[in-house]
2 protein chains.
Amino acid sequence: MMIEKEPAEVEQLGLLIKETQSLLNQRMDEVLRPLGLSVAQYACLHTLRSAPGVTGSELARRVFVSRQSMSVLLQGLEKRGLVERSQEPGPRRERAAELTEEAAELTEAADGRVRGVVSTMAGDLVGDEPERLLVLLGSCRDALQGD
Amino acid sequence: MMIEKEPAEVEQLGLLIKETQSLLNQRMDEVLRPLGLSVAQYACLHTLRSAPGVTGSELARRVFVSRQSMSVLLQGLEKRGLVERSQEPGPRRERAAELTEEAAELTEAADGRVRGVVSTMAGDLVGDEPERLLVLLGSCRDALQGD
DNA sequence: CCACGTATGTCAAGATACTGACATGATGAT
DNA sequence: ATCATCATGTCAGTATCTTGACATACGTGG
């Protein structure tokens, strides 16, 4: 006979994820705001650094926002001289986006601060616990999007 | 000499949390929308059911939104007959909020659907893994808000 | 060759959440 | 007793994200 986990605790998992993400977003905003960056802008720059030349739509998918939001995000970053987009559209009307020199410095500074926040968050985890957390959360993510 | 964890993996923890929460919110919206409820409204009703009679401000803190957002949320729920608020303000101008009968049924139905989503999310976790995940994530949350 | 489906980029409108500000009522220090 | 302080509830303005819609461009099947 299978021993069923009482669902009372697992039920709190959704709330806990929301809570943690809310706090994480808040802390990231606090350290990024002095640099003049919103969390969404940081996510955009961070992703662009690891994947230069991607299209706006692909960027939107990776950052989990709509194409439209990414469009205005990129326009703002372009106006601030942090991002350059090819003026001559590519194969499918695509406009590849890349970081500028100034953005590289800024993104590195922002990355440092975000690393600090994440270190704080994982500060009480010891041994293989960080890795365990990554695996378990990854399982949840896959189960949700695999649908 | 301490063996330092390479931070390359832990660094992804922030992104993973954001990703998982985004997908969870999306799935919850999909199951709650047919009931005419937004995720925020569900969170409001769910919290009210476990803590009837709380004030709007306290409710806002528990649901992680501002007092102002909770104010308009409650106005909408009140207009739909799901929530009743005491008209005669209490000790500190407080207006205690409670669920109506109709809301109790609706909230129960919504809870069932949300339980389904959470079960899907935790579907691949076995043994003590759900509990482990709760403990590890709880540690992260405490580290973020303990600051 | 040409219509159809699909993907990108953008504009406009609606919804939602936040910050700032104010009035009201309770608490505490002097 | 009086005034400063704080918490609640609400209104207004701002910012951001989303959905809907349209124009453009590539690919495929008729």
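Quick note on labels: first sequence line is chain A, next is B, and so on, each numbered from 1. Side chains are part of it too, since the values below use all heavy atoms of this structure and drop only hydrogens, waters and symmetry mates.
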Roughly, in whole Å, what's the span from [atom1] in [X] to [atom2] in [N]?
| X | N | atom1 | atom2 | value |
| --- | --- | --- | --- | --- |
| B:Q75 | D:dA12 | CD | P | 11 Å |
| A:R95 | D:dA25 | CZ | C1' | 15 Å |
| A:E94 | C:dT6 | CD | P | 18 Å |
| A:D29 | D:dA15 | CG | P | 15 Å |
| A:M70 | D:dC17 | CE | P | 9 Å |
| B:E30 | D:dT19 | CD | P | 11 Å |

Q: Decide, yes or no, whether a salt bridge links A:R132 with A:E129 under the criterion of side-chain N to carboxylate O below 4.0 Å.
A: no
(Q) What does the B/S/- profile of nucleotides 17-24 of chain C look like, 5' to 3', with a 4.0 Å heavy-atom cutoff to protein? (A) SBBBB-BB
Q | Point-to-point distance, once rounded to the nearest 0.5 Å, from CZ of B:R49 to CG of B:L99 | A | 8.5 Å
Q: To the nearest 0.5 Å, tell me how far B:R141 CZ sits from A:S22 OG.
A: 12.0 Å
(Q) Holding to side-chain contact (heavy atoms from CB on, under 4.5 Å), I want the full list of residues that pass it with B:V31, two or more places apart in sequence or in another chain. (A) B:R113, B:V117
(Q) Under 4.0 Å, heavy atom to any atom of DNA chain D: which of residues 53-62 of chain B qualify? (A) B:T55, B:G56, B:S57, B:R61
Donor-acceptor pairs under 3.5 angstrom involving side-chain atoms of residues 66-73 of chain A: please list them, not counting sequence neighbours.
| unit_1 | atom_1 | unit_2 | atom_2 | d |
| --- | --- | --- | --- | --- |
| A:S66 | OG | A:S69 | N | 3.3 |
| A:S66 | OG | A:S69 | OG | 3.1 |

Q: Taking all heavy atoms of A:A96 and all of A:G53, pick out the closest pair and write down the distance.
A: CB-O, 3.5 Å
**Q.** Results of salt bridge (charged side-chain N to carboxylate O under 4.0 Å, His left out) for B:D29 - residues two or more places apart only
**A.** B:R33
Q | Set of residues satisfying side chain to side chain donor-acceptor pair (under 3.5 Å) with respect to B:R80, sequence neighbours excluded | A | none
